[in-house]
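Structure first, then comments.
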Amino acid sequence: MSQVVTRFAPSPTGYLHIGGARTALFSWAYARKMGGKMLLRIEDTDRERSTEAAVEAIKDGLSWLGLHWDGDAISQFGRASRHAEIAHELIARGHAYKCYCSPAELDQMREEARAAGKPPRYNGYWRDRDQSEAPAGVAPVIRIKSPLSGDIVVHDHVQGEVVFKAENLDDFIILRSDGTPTYMHAVVVDDHDMGVTHIIRGDDHLTNAARQIVVYNAMGWDIPEMAHIPLIHGPDGAKLSKRHGALGVEAYRQMGYLPEALRNYLARLGWSHDDDEIFSSEQMIEWFSLDGLNKGAARFDFVKLESINGHYIREAKPDYLYGVMIALAEEVGRLADLEGLTADKATVLAALPELQPRAKTILELIDLAQFIYASRPLPIDSAASALLTPDARSVLGDVRDLLIGLNDWSVEAIDAAMRTLAEAKGLKLGKLAQPLRAALTGRTVSPGIFEVMVLIGRDESLARLGDQIDTK
RNA sequence: GCGCCCAUCGUCUAUCGGUUAGGACGGCACCCUUUCACGGUGCAGAGCGGGGUUCGAUUCCCCGUGGGCGUACCA
């Protein structure tokens, strides 16, 4: 019974957003570190907003990031009768009661409290009132009896001891008038029943923790260890918006980020292990501890994410990257690229070591590979065509004559021949190389142009060169 | 309004009373160089403000300021 059990409990009202992904990452890392389990519970009690598609999106997102949960995902909605059972048990124990107040009466109470400079709260009208006074035809809610005085303290691994005065908490609803549980109640019952020992969640739940402790105490249940991690903010320090990165993890995949890079980046947002920046999942598990969690909110920074992504692209094996490129081209509908990458697989694989250091995302990697399968005559972008002046084209003519006579089509041989030619004509090598690059790739940026020539081969190289010399 | 949380370079962070306040991303300069990257070297860049406590505070306490979260028959 000493096994650690954590849980990730998203509500399926949308995709797995970036903040949720990080919460899951920490819950997962802690469970793995402690040799315990991470459970997945879908908080779908809000029937209006919950969708099956969102459940799948969340599971897909977790799987893509490599955050595997133990056992089957649990539906909170499916446990409604258990929640109701506990609510009624609480009444029987004298810790809860039925309340018949109307929304209008509730509004009035809140207004009065606010006017008195107090937190807006329920005033306990039905707390000790006899049920015989109940109005006819009104379905009651069940409220828990929150302590009237004293402190409720949350012992938090991140925030420390957080004290809430009992008078600031009201008798909140645990069971709605339609018999369904509220979040505050369902969470406690589920965490208890699931044997959760450590609750790791966003600190937007910190005040909720105090309310939930009321339920734990009323039932006489042990309170799990808690760690409320700070939220992720946008670059301006305010709430994370879509423009700032509050997207589903699949959006990151579609932008060309590698799961290991996103995972690594997210881990460093609010958690640290000395000065380590780059680490594998295994290392994170080995190093992870609740003590390493930060208290302040972190801002999301796409630039740093890109940098880390670039690192993982550089380190990756070509065949792995090739697979990711194919899958991504298909996912985002880049059919021409999908076709070219598939048709010229061997060349792409051979070119990848040249491409990798130049790409920050998989999308960029695909762009960089386009010169391989581009069909003639190549589209020339504006910067490249600016390079193809009449003078440059005439130089390219000399280059072509030289290359036609070249027997050894290797980087070394081409390099030597080109340098000799440049010297003979009194030109810097760049004067030959840049127009050549424009002609062979249609761009001003590419891997080493001699490498490009070897990659696409002699015939294709000469043909592309010819396209630029002979037209005009 | 009320309650709670937070605060080190632009950003992510190290520091757990004594440091020239360290690293990473980004920026700038230089090197490498056929372009762009990669790589290498160097530079600039921070303890929110005010009070305490202490021989000594970035670090502990209080106030202020700024930001965040919560305040639902949402989760």
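Treat the numbers as computed from the prediction; the structure is a model and nothing was measured. To find a chain, count down the sequence lines: A is the first, B the second, and so on, and within it residues start at 1.
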Below 3.5 Å, does any donor atom in the side chain of [X] face an acceptor in the base of [N], or the other way round?
{"X": "A:T207", "N": "B:C69", "result": "no"}
{"X": "A:K304", "N": "B:A24", "result": "yes"}
{"X": "A:D276", "N": "B:A24", "result": "no"}
{"X": "A:R268", "N": "B:U13", "result": "no"}
{"X": "A:R114", "N": "B:C2", "result": "no"}

For [N] and [M], measure between their [atom1] atoms and round to the nearest Å.
{"N": "B:G10", "M": "B:C16", "atom1": "C1'", "answer": "27 Å"}
{"N": "B:C61", "M": "B:C69", "atom1": "P", "answer": "25 Å"}
{"N": "B:A14", "M": "B:G47", "atom1": "C1'", "answer": "13 Å"}
{"N": "B:A44", "M": "B:A29", "atom1": "P", "answer": "15 Å"}
{"N": "B:C25", "M": "B:U19", "atom1": "P", "answer": "27 Å"}

Check every strand shown and say whether [X] touches a base, only sugar-phosphate, or nothing at a heavy-atom separation below 4.0 Å.
{"X": "A:L269", "value": "sugar-phosphate"}
{"X": "A:S307", "value": "sugar-phosphate"}
{"X": "A:V163", "value": "sugar-phosphate"}

[Y] ring center within less than 6.0 Å of [X] ring center:
{"X": "A:Y100", "Y": "A:Y125", "result": "no"}
{"X": "A:W287", "Y": "A:Y30", "result": "no"}
{"X": "A:Y320", "Y": "A:Y322", "result": "no"}

Using a cut-off of less than 4.0 Å, is there contact between a side-chain N or O of [X] and OP1 or OP2 of [N]?
{"X": "A:T45", "N": "B:A75", "result": "yes"}
{"X": "A:S272", "N": "B:A14", "result": "yes"}
{"X": "A:K165", "N": "B:C4", "result": "no"}
{"X": "A:N294", "N": "B:A14", "result": "yes"}

Compare the minimum distances between each of [options] and the side chain of [X], then state the nucleotide with the smallest one.
{"X": "A:Q159", "options": "B:C6, B:G3, B:C73", "value": "B:C6"}
{"X": "A:I173", "options": "B:U34, B:G3, B:C73", "value": "B:C73"}
{"X": "A:H233", "options": "B:U34, B:G67, B:C38", "value": "B:G67"}
{"X": "A:Q434", "options": "B:A75, B:G3, B:U34", "value": "B:U34"}
{"X": "A:E277", "options": "B:A14, B:G23, B:A75", "value": "B:G23"}
{"X": "A:V303", "options": "B:A75, B:C73, B:C25", "value": "B:C25"}
{"X": "A:R110", "options": "B:U34, B:A75, B:C73", "value": "B:C73"}
{"X": "A:D204", "options": "B:U34, B:C69, B:G1", "value": "B:C69"}
{"X": "A:D275", "options": "B:C12, B:U34, B:A14", "value": "B:A14"}
{"X": "A:P120", "options": "B:G70, B:U13, B:U71", "value": "B:U71"}

Tell me which nucleotide, if any, is Watson-Crick or G-U wobble paired with [N] when both distances must be under 3.5 Å.
{"N": "B:G70", "result": "B:C2"}
{"N": "B:A46", "result": "none"}
{"N": "B:U19", "result": "none"}
{"N": "B:A37", "result": "none"}
{"N": "B:A14", "result": "none"}
{"N": "B:C32", "result": "none"}
{"N": "B:A7", "result": "B:U65"}
{"N": "B:U54", "result": "none"}

Which whole-number value in Å describes the distance from [X] [atom1] to [N] [atom2]?
{"X": "A:R358", "N": "B:U33", "atom1": "CZ", "atom2": "P", "answer": "15 Å"}
{"X": "A:H273", "N": "B:U13", "atom1": "NE2", "atom2": "P", "answer": "16 Å"}
{"X": "A:D178", "N": "B:A72", "atom1": "CG", "atom2": "C1'", "answer": "14 Å"}

Side chain to side chain contact (heavy atoms under 4.5 Å, CB included) evaluation trace for A:D151 with A:F164: CA-CA 6 Å; A:D151 292 336; A:F164 294 88; over 6 Å; no
Point-to-point distance, once rounded to the nearest 0.5 Å, from CG of A:L266 to CG of A:L305: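 The CG atom of A:L305 is 8.0 Å from CG of A:L266, to the nearest 0.5 Å.
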Would you say that A:L65 contacts A:E260 through its side chain, given a criterion of any heavy-atom pair below 4.5 Å between the two side chains?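 Side chain of A:L65 against side chain of A:E260, heavy atoms only: no contact under 4.5 Å found.
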Could you check whether any side-chain heavy atom of A:H157 comes within less than 4.5 Å of a side-chain heavy atom of A:M226, counting everything from C-beta outward?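 Contact flag for A:H157/A:M226 side chains = no.
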Residue met sooner reading RNA chain B from 5', once A:W271 and A:R437 are mapped to nucleotides: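 The residue mapped nearer the 5' terminus is A:W271.
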Quick one: on RNA chain B, does A:P357 or A:R143 contact a more 5' nucleotide (nearest heavy atom)?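 With A:P357 and A:R143 compared, the 5'-side residue is A:P357.
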Report the C-alpha separation of A:R201 and A:T23 in whole Å, then their side-chain angles, then the decisive distance to 0.1 Å, and conclude whether the side chain to side chain donor-acceptor pair (under 3.5 Å) test is met. CA-CA 6 Å; A:R201 80 229 298 192; A:T23 303; over 6 Å; no
